[in-house]
Amino acid sequence: MTVSTLTLNNGVELPALGFGVFQTPPEETVAAVAEALRVGYRHIDTAAAYGNEREVGRAIAASGVPRAEVFVETKVWISDYGYDQTLHAFDKSAGKLGVDTVDLLILHQALPSAFDRTIGAYRALERLLADGRVRAIGVSNFMREHLDRLLEQTTVVPAVNQVEVHPYFRQPDVLAADAEHGIRTQAWSPIGGITAYRADGSGRTFDDPVIGQIAGVHGKTPAQVMLRWHLQQGRSAIPKSTRPERIAENVDVFDFQLTDAELTAIDALDTGVRRGPEPEAITLEAFGRDIPEA
Ligand code: NDP
């Protein structure tokens, strides 16, 4: 399976479909990432806060796939924000991953109530980029106002904004803000995994009748239809699974096309209800935690 690529605003090529490992326990991460690389994924999305960077690095090293062919993305946790702390956070992540350079390093969240620390952290990413330690830098869970504040005080426009986007929560304003600034949107929970974890009665994207009907037309699964929806709208998507059959299913999305009417029908499923944490409410007090040394 060959995954198409997206060009970031600094010319770096990002595989359009990547592999997520949030909530993948360390003891299952090596096998999951190994399987993903075996079936054709060339982009892994991890984070310091996931506690599995070491296992991601081990799987890549043992895979036989040349390091240069695997796009490694990780995230700095809020507890490591501030210029010097974030430079050190890079060393921790690179050490655990066992790599000299990280392909894409992003800030995991904005810290709206301590935005000066967010700016310090981003300036450290700019330094790492200038020094060639990272190939691209970006952010995650930044809303329009967070992007505006960041862009006012820093130089490098983020290459990526990784945010919650699935058929039940589309965030059109964030998609528009990203597009206005030339920032590539990367969809987390792209197939709506978060709608399945949270038994809040609002339903799972996997069971949606509209998505199911479209899947039937194409002889594909609901997950494959949702991933196609992202890809055809220019978004990067990073589905997670620990099951080999689903890992393979989720990358098998390059042999069919949704029609404009089908894309619009999926857009219309947006409920406007966020399932993840409210980005404006992220604080060190509530979400801070120590990220161990490498
Ligand atoms: P996903 O939309 O990727 O869904 C994953 C869930 O769906 C898992 O429960 C998985 O279970 C199940 N699943 C996977 N494939 C299929 C399939 N084909 N059919 C049915 N069920 C399936 O959600 P995630 O929340 O895991 O997000 C994906 C990635 O996004 C994360 O791994 C992480 O990299 C990133 N992320 C980033 C966040 C951020 O704040 N920046 C927040 C959340 C996620 P199983 O493993 O058993 O197959």
Side-chain angles (χ1 to χ4, degrees), residues 3-22 33 36-37 41-50 52-53 56-57 59-60 65-78 80-81 86-87 89-110 118 121-142 146-147 150-151 154-165 174 178 181-190 230-231 234-240 291:
V3 173
S4 61
T5 62
L6 297 166
T7 306
L8 302 180
N9 60 13
N10 66 351
V12 165
E13 296 286 317
L14 167 75
L17 190 91
F19 186 67
V21 295
F22 176 44
V33 172
L37 292 170
Y41 293 79
R42 290 293 180 268
H43 167 205
I44 313 296
D45 176 67
T46 183
Y50 296 171
N52 56 16
E53 288 175 306
V56 167
I60 294 171
V65 180
R67 166 70 188 94
E69 291 177 21
V70 184
F71 193 101
V72 178
E73 174 172 0
T74 193
K75 315 182 188 80
V76 181
W77 188 240
I78 54 173
D80 284 336
Y81 283 8
T86 297
L87 289 180
F90 167 81
D91 290 334
K92 290 196 281 188
S93 284
K96 290 174 194 165
L97 287 160
V99 299
D100 296 325
T101 56
V102 167
D103 296 284
L104 175 58
L105 184 63
I106 66 177
L107 300 185
H108 207 141
Q109 300 277 352
T118 312
Y122 195 80
R123 290 200 175 124
L125 300 195
E126 292 181 320
R127 174 83 256 155
L128 292 162
L129 183 68
D131 289 348
R133 306 304 306 277
V134 301
R135 295 175 62 229
I137 61 176
V139 295
S140 176
N141 299 306
F142 272 47
H146 306 137
L147 291 174
L150 183 80
L151 292 167
T154 59
T155 308
V156 178
V157 176
V160 159
N161 187 14
Q162 183 183 121
V163 291
E164 179 181 350
V165 187
V174 176
D178 287 350
H181 296 301
I183 300 168
R184 182 70 67 178
T185 304
Q186 186 168 61
W188 68 248
S189 240
H230 290 294
L231 298 179
R235 288 186 292 279
S236 151
I238 45 171
K240 171 264 177 190
I291 301 296

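Bear in mind the structure is a predicted one, so any value in this text is a computation, not a measurement. Index from 1, following the sequence.
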Please evaluate residues Val139 and Gln162 with respect to the criterion side-chain contact (heavy atoms from CB on, under 4.5 Å), reporting the C-alpha separation (whole Å), side-chain torsions for both, the decisive distance (0.1 Å), and the verdict.
CA-CA 6 Å; Val139 295; Gln162 183 183 121; over 6 Å; no

Between Leu17 and His43, is a side-chain contact (heavy atoms from CB on, under 4.5 Å) present by the stated rule, with each step listed?
CA-CA 7 Å; Leu17 190 91; His43 167 205; over 6 Å; no

Does Ile106 form a side-chain contact (heavy atoms from CB on, under 4.5 Å) with Leu104? I'd like the steps, not just the answer.
CA-CA 6 Å; Ile106 66 177; Leu104 175 58; 3.8 Å; yes

One pair to check against side-chain contact (heavy atoms from CB on, under 4.5 Å): Val65 and Ile60. What are the steps and the verdict?
CA-CA 7 Å; Val65 180; Ile60 294 171; over 6 Å; no

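Looking at residues two or more places apart in sequence or on another chain, you find no salt bridge (charged side-chain N to carboxylate O under 4.0 Å, His left out) involving Lys96. Under the ring-ring contact (aromatic ring centres under 6.0 Å, His included) criterion, Phe19 pairs with Tyr41, not counting sequence neighbours. Listed by chain and residue number, Asn161, Thr185 satisfy the side-chain hydrogen bond (donor to acceptor under 3.5 Å, both in side chains) test with Asp178 (two or more places apart in sequence, or in another chain). By the salt bridge (charged side-chain N to carboxylate O under 4.0 Å, His left out) test, Lys240 pairs with no residue at all, sequence neighbours left out. In this view, Thr7 and Glu13 satisfy the side-chain hydrogen bond (donor to acceptor under 3.5 Å, both in side chains) rule, not counting sequence neighbours. Contacts of Thr46 classified as side-chain contact (heavy atoms from CB on, under 4.5 Å), with partners at least two apart in sequence or in another chain: Val21, Tyr50, Asn52, Glu53, Val56, Thr74, Leu97. Residues satisfying the side-chain contact (heavy atoms from CB on, under 4.5 Å) test with Ala121, not counting sequence neighbours, are Tyr81, Thr86, Leu107. Partners of Ser236 according to the side-chain hydrogen bond (donor to acceptor under 3.5 Å, both in side chains) rule, which considers only residues two or more places apart in sequence or in another chain, are Gln186. Residues satisfying the salt bridge (charged side-chain N to carboxylate O under 4.0 Å, His left out) test with Asp91, not counting sequence neighbours, are none. Residues that satisfy the side-chain hydrogen bond (donor to acceptor under 3.5 Å, both in side chains) test with Glu126, not counting sequence neighbours, are absent from this structure.
The closest donor-acceptor contact from the side chain of Tyr122 to the backbone of Ile137 lies at 3.5 Å or more, if one exists at all. Remark: the backbone N or O of Leu105 is not paired with any side-chain donor or acceptor of Lys75 at under 3.5 angstrom. Using a distance-only test at 3.5 Å, with no hydrogens or angles considered, no donor-acceptor pair links the side chain of Arg42 to the main chain of Phe71. With Asp131 contributing its side chain and Arg133 its backbone, the two residues share no donor-acceptor pair below 3.5 Å. Here the side chain of Asn141 pairs a donor or acceptor atom with the backbone of His108 at under 3.5 angstrom.
Contact record, Gly182 with Asn9: O-ND2, 3.2 Å, taken as the closest heavy-atom pair. For the pair Ala59 and Leu37, the tightest heavy-atom approach, listed with the atom from each and the gap, is O-CD1, 4.2 Å. Between Arg184 and Gly234, the shortest heavy-atom distance links the atoms NH1-O, 2.8 Å. When every heavy atom of Leu125 is checked against every heavy atom of Gly138, the shortest pair comes out as CD1-O, 3.7 Å. Contact record, Ser93 with Ala48: OG-CB, 4.0 Å, taken as the closest heavy-atom pair. In terms of heavy atoms, Pro158 sits closest to Ile183 at O-CG1, 3.3 Å.
Listed by first and then second residue, the salt bridge (Lys or Arg N to Asp or Glu O under 4.0 Å) pairs that reach into residues 97-108 are Arg67-Asp103, Asp103-Arg135, sequence neighbours excluded.
Within the model, atoms OG of Ser140 and NE2 of His146 stand 12.0 Å from one another, a figure rounded to the nearest 0.5 Å.
Within the 4.5 Å cutoff, no side-chain heavy atoms of Thr5 are placed close to those of Leu14. In this structure, Val165 and Arg235 have side chains that are in contact, with non-hydrogen atoms separated by less than 4.5 Å.
For the 3.5 Å distance criterion, the side chains of Trp188 and Asp45 fail to qualify, holding no donor opposite an acceptor.
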